[in-house]
There are 2 protein chains.
Amino acid sequence: MLQITRDGEYAVRAILHMSAQPVGTLCLISEIAEAQEVPRSYLSKIMQHLVKAGLVKSRRGARGGFFLARRPQEITLRQAIEAIEGPIFLNICLIKKGECHRDEFCPVHQVWQEAQRKLMEVLDNKTMAQLVQDAEKLKGFSAKKRTPKKPPSTL
Amino acid sequence: MLQITRDGEYAVRAILHMSAQPVGTLCLISEIAEAQEVPRSYLSKIMQHLVKAGLVKSRRGARGGFFLARRPQEITLRQAIEAIEGPIFLNICLIKKGECHRDEFCPVHQVWQEAQRKLMEVLDNKTMAQLVQDAEKLKGFSAKKRTPKKPPSTL
DNA sequence: ATTAAATAGGACTAAAATCATCCTGAATGT
DNA sequence: ACATTCAGGATGATTTTAGTCCTATTTAAT
């Protein structure tokens, strides 16, 4: 449907959550699930997947939990999404050369290529570290809206 | 899965096929199906949909068929795809304001917005007329490769 | 050693989407 | 009348999506 699945969305939320923690923090499934509004049992599966993909590490048992395998500035949005959704191809003709025999003469093929390239560029150029910063700005902004620091006195 | 469906692909093929015909030509389902390698009965459904969407007109009965409702230079790739797939949203949070209550503080939301904008830009900027031209170039190129007009003599 | 706390992993499921096929009906030109 | 086309509905197999639930395994603390 040309739309990312809940898996991808939830994976990004989880990684973003971990990226916002102080280094060394271990995050629990239940904690991430609640904070990021993801069904707990479903998130469990996604975290497993992220561990297998090498983006996240885990420790079992009491005092266990999850933490990032790399620093937030070294994880792009694309990596987070593709870790769980697999590589993105806007059309099956892009999967690999020869996947679609029509690409030799189909003029649409190269349009998809360009569209995909532009899309990837956006996802590649955003790291988890940047997203955490963006989130802080958003928070500051909404806080300012509600309780301005210094309301300009009209007296 | 962040991939267009066969519906969308087939719709584009059908419209492209009609765009490549001389104006006034009526195209038959069976003819389009064969030329564009689309299952005949499936294409039938897609053409119905395209008629309802207003991109294509039809005439029933003997000597009937399909033809474009607008000129090829007035139909963009995006219009062709969205006519059959409905509006594209890379993530459900983009469907409409308030669809996702997290968008107030979620820093990923605006990244999706930008990604979608860039993607749409590519699809918006390609008309069926241009695609027909592109196809002609591709044909000319592959023909040249196989039978070069004037092979450089080495004698 | 026991136990409580966590993740790992497999089995299962309901609902929806995908990718079609087939048949009947309606319109239209000859 | 008849052959030719599209219109529209019913049906269906398969896959994907979006989960849940239960048991096993690992680990830290007591």
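Throughout, a chain's letter reflects where its sequence line sits, starting with A, and its residues are numbered from 1. What you are looking at is a predicted structure, and each value in this text was computed from that prediction instead of being measured.
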| task | Find the distance B/L50:CG to D/dA7:C1' and express it as a whole number of Å. | result | 14 Å
| note | Residues of residues 19-35 of chain A with a heavy atom under 4.0 Å from any atom of DNA chain D, listed by number, are none
| Protein-nucleotide distance (B/N91, atom CG; D/dT17, atom C1'), rounded to Å | 15 Å
| request: Can you measure from CE (A/M47) to CG (A/L50) and round to the nearest 0.5 angstrom? | output: 6.0 Å
| For DNA chain D, the residues among residues 64-71 of chain A that have a non-hydrogen atom under 4.0 Å from it | none
| query | Which nucleotide in the set C/dC19, C/dA20, C/dT7 lies at the smallest distance from any side-chain heavy atom of B/D7? | reply | C/dC19
| Any A/Y42 side-chain nitrogen or oxygen under 4.0 Å from OP1 or OP2 of D/dC21 | no
| Minimum side-chain heavy-atom gap B/L68-B/I15 below 4.5 Å | yes
| Flag side-chain contact, heavy atom, 4.5 Å: B/Y10 against B/I84 | no
Got a list of protein N/O to nucleotides 8-13 of chain D N/O distances below 3.5 Å?
from: D/dG8; atom 1: N7; to: B/K45; atom 2: NZ; distance (Å): 3.2
from: D/dG8; atom 1: N7; to: B/Q48; atom 2: NE2; distance (Å): 2.6
from: D/dG9; atom 1: N7; to: B/K45; atom 2: NZ; distance (Å): 2.9
from: D/dG9; atom 1: O6; to: B/K45; atom 2: NZ; distance (Å): 2.7

| request: Could you state the atom-to-atom distance from NZ of B/K57 to C1' of C/dT28 in whole Å? | output: 18 Å
| said: Classify B/S58 by what it touches in the nucleic acid, base, sugar-phosphate, or nothing, heavy-atom distance under 4.0 Å. | reply: sugar-phosphate
| said: Rounded to whole Å, how long is the line connecting atom CZ of A/R40 with atom P of C/dA8? | reply: 12 Å
| note | Closest to the 5' end of DNA chain C, once A/A62 and A/V51 are matched to their nearest nucleotides, is A/A62
| Exam field: side chain B/E114 to backbone B/Q110, donor-acceptor pair closer than 3.5 Å | no
| Side chain of B/T5: nearest nucleotide among C/dT21, D/dT27, C/dT18? | C/dT18
| Do A/L43 and A/Q36 come close enough that some side-chain heavy atom pair is under 4.5 Å? | no
| Shortest side-chain distance from A/R63, nucleotide among D/dT17, D/dA28, D/dA3 | D/dA28
| task | Give B/M47 one of three labels, base, sugar-phosphate or nothing, depending on what nucleic acid heavy atoms sit under 4.0 Å from its own. | result | nothing
| said: Can you tell me if B/R63 has over 12 outside heavy atoms packed within less than 6.0 Å of its CZ? | reply: no
| task | State whether the side chain of B/E82 and the backbone N or O of B/I88 hold a donor-acceptor pair below 3.5 Å, judged by distance alone. | result | yes
| request: Could you tell me whether A/E37 atom CD has more than 12 heavy atoms of other residues or ligands within 6.0 Å of it? | output: yes
| Just wondering, do B/M128 and B/Q79 contact through their side chains at under 4.5 Å, heavy atoms? | no
| query | Taking NE2 from A/H49 and P from D/dA18, how many angstroms apart are they, rounded to a whole number? | reply | 14 Å
| C/dC22 P sits how many Å from B/L43 CG, rounded? | 15 Å
| task | Using atom CD of B/Q3 as one end and atom P of C/dA17 as the other, report the distance to the nearest whole Å. | result | 17 Å
| request: Send over the distance from B/E85 CD to C/dA17 P, rounded to a whole Å. | output: 13 Å
| task | Answer yes or no: is there a side-chain heavy-atom contact under 4.5 Å between A/V108 and A/N91? | result | no
| query | For atom CZ of B/R70, is the number of surrounding heavy atoms from other residues, nucleotides or ligands below 6.0 Å larger than 12? | reply | yes
